[in-house]
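The block underneath contains the structure these notes are about, expressed in structure tokens.
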Amino acid sequence: MQSVADFRTYTLISDLAEVQLLADRVDVHWTDGRISPFHHQWLRDNCPCGECVYSVTREQVLEIVDVEDDLSALDARIKQGLLSVQWHGGHHSQYDPGWLRAHAYDDESRAERRAAKPKSQLWDSRFQVPVFDYAAVMEDPKALLQWLLALRDCGLTQIHRVPTEPGSLALIAKRISFIRESNFGVLFNVQSKADADSNAYTAFNLPLHSDLPTRELQPGLQFLHCLVNDANGGESIFVDGFAIAHALRTEDPQAFRALCEIPVEFRNKDRHSDYRRLAPIIALDALGEVAEIRMANFLRGPFEAPVEQMPLLYRAYRRFIAMTREERFRVVQRLNPGELWCFDNRRTLHARNAFDPASGARHFQGCYIDRDELLSRILVLQR
Ligand code: OGA
Ligand code: ZN
Ligand code: ZN
């Protein structure tokens with residue numbers, strides 16, 4: 001009988017000491033003194049047996065609505081280290097204590113889990129960008145994991161000693177997962193072109209921005225790989241969009257709220273496509289934490305907001321951009337051939353200074369991967 005519906009194993013933090021069967025729940029007493037109540041419904045819903053969970057996919061086949069809603073346990077006890085529950089009506093369930101503890105929903109367990117969640121480490125101009133070695137992340141799963149954790153928590157990393165053959169960044173991107181294609185290709189070439197379909201493909205300066213804010217979901221990760229950089233200028237600039245949003249939240253809460261609430265349209269069009277997305281510049285998650293920044297002045301449409309909100313929207317927008325220009329937030333660095341930036345496109349805003357194409361060639365290649373792929377790869381590497 002399965003006791004865990006999962007592809008990983010759970011470390012045993014504490015053993016089961018005693019279980020108490022009550023009318024509506026089972027109270028599990030752990031050897032470290034914690035008491036975790038589990039309602040009968042919850043236990044029945046999470047029965048990992050082969051009838052309730054398909055052992056190949058580890059996905060549930062039981063739907064709790066198919067069990068009577070006044071279900072109750074006949075017996076609950078510790079058997080060979082597992083929690084064993086006998087249900088009225090004949091079904092029998094067994095639960096691995098490591099799994100139970102990892103999913104316990106008593107206040108202490110939930111608080112502990114919330115505290116253990118990875119937190120974004122905010123940075124400013126003093127940030128030492130973490131650098132990783134191409135060969136190491138290609139060959140060593142431990143180095144790969146270190147890189148991906150830095151990417152998740154800091155949102156800005158560099159890789160050095162990458163081959164300068166065009167396409168090399170695809171090899172490293174695929175260490176995480178598949179690449180997210182866009183209308184600019186699987187890989188896009190950042191070069192000054194006569195028939196540019198974006199300001200990115202000119203020699204102009206590009207102000208701090210996220211890529212593809214014109215899409216419902218902005219790409220989670222962006223790679224920028226330097227193949228040739230002989231032109232004068234063209235330095236890369238980064239700011240932590242989360243750090244700026246946090247600073248704005250305390251320095252000017254009204255402007256912060258305006259950027260969270262008033263949607264702005266971003267647009268990108270050429271002869272074959274016309275992408276548009278109406279969304280606020282700062283997105284919050286369900287807990288009210290800053291989850292995403294959407295910003296590219298060169299892709300922004302005219303503001304459309306209620307008349308009485310327009311002055312506030314301009315004030316907030318100007319303030320945010322003014323902050324992205326403040327030295328205290330900016331990391332400025334010129335990339336050399338064989339070096340690559342990889343960053344969280346929904347957090348870290350990037351820019352480049354103008355360059356002089358008459359002074360030499362400049363060729364970067366880029367690609368995108370979604371955040372889901374990064375988080376999934378991290379969990380698989382951690383199994
Ligand atoms: C881009 C971009 C940066 C650079 O192509 O979106 O931001 O350094 N390029 O050319
Ligand atoms: Zn079952
Ligand atoms: Zn860009």
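Note that ligands are numbered from 1 as they come in the structure, with each ligand's atoms numbered from 1 the same way. Quick caveat: nothing in here was measured; it's all calculated off a predicted structure.
- At a cut-off of 2.8 Å, measuring from the Zn ion (ligand 2), the protein N, O or S atoms that fall short of it are Cys47 SG, Cys49 SG, Cys52 SG, His91 NE2, waters left aside.
- Of the angles at the Zn ion (ligand 3), the one spanning OD1 of Asp211 and NE2 of His209 is 90° when given to 10°.
- No donor-acceptor distance shorter than 3.5 angstrom exists from the side chain of Asn189 to the backbone of Gln191, with no hydrogens or angles considered.
- A distance-only check finds a donor-acceptor pair linking the side chain of Asp252 to the backbone of Ala255 [under 3.5 Å].
- Counting only heavy atoms of the protein, atom 2 (C) of ligand 1 lies nearest to Leu206 CD1, 3.6 Å.
- A cation-pi contact, defined as under 6.0 Å to the ring centre and within 45° of the axis, is absent between Arg319 and Tyr317.
- For the pair Asp32 and Arg101, the salt-bridge criterion is met [side-chain N within less than 4.0 Å of a carboxylate O].
- Judged by a 6.0 Å distance limit and a 45° cone about the ring axis, Arg362 is positioned over the six-membered ring of Phe355.
- A salt bridge links Arg34 with Glu108: the distance from a Lys NZ or Arg NE/NH1/NH2 to an Asp or Glu carboxylate oxygen falls below 4.0 Å.
- Heavy-atom neighbours of Arg271 CZ from other residues, nucleotides or ligands within 6.0 Å: at or below the threshold of 12.
- Residue Arg352 places at least one N or O, backbone or side chain, under 3.5 Å from an N or O of ligand 1.
- In this structure, atom 8 (O) of ligand 1 lies nearest to the protein heavy atom Arg362 NH2, 2.7 Å.
- Shown in contact with His209 at under 4.0 Å from a heavy atom are these atoms of ligand 1, numbered in order with element: 6 (O), 7 (O).
- Hydrophobic clustering, with ILVMFWY side chains joined whenever heavy atoms are under 4.5 angstrom apart, groups Met295 together with Leu122.
- In this structure, the protein non-hydrogen atom closest to atom 3 (C) of ligand 1 is Leu224 CD1, 3.9 Å.
- Atom 1 (C) of ligand 1 has its nearest heavy-atom neighbour, among Ala203, Ala200, Ser192, in Ala200.
- For atom 7 (O) of ligand 1, the nearest non-hydrogen atom from the set Glu235, His350, Gln365 comes from His350.
- Under a cutoff of 6.0 Å and an axis angle of 45°, Arg215 and Tyr275 form a cation-pi pair.
- Heavy atoms of Leu335 found under 4.0 angstrom from ligand 1: none, in either backbone or side chain.
- Nearest approach of Arg330 to Thr324, heavy atoms of both residues: NH1-O, 3.0 Å.
- Remark: ligand 1 and Asp211 share an N or O pair separated by less than 3.5 Å (distance only, no angle test).
- With hydrogens and angles ignored, the 3.5 Å screen pairs a side-chain donor or acceptor of His350 with a backbone N or O of His209.
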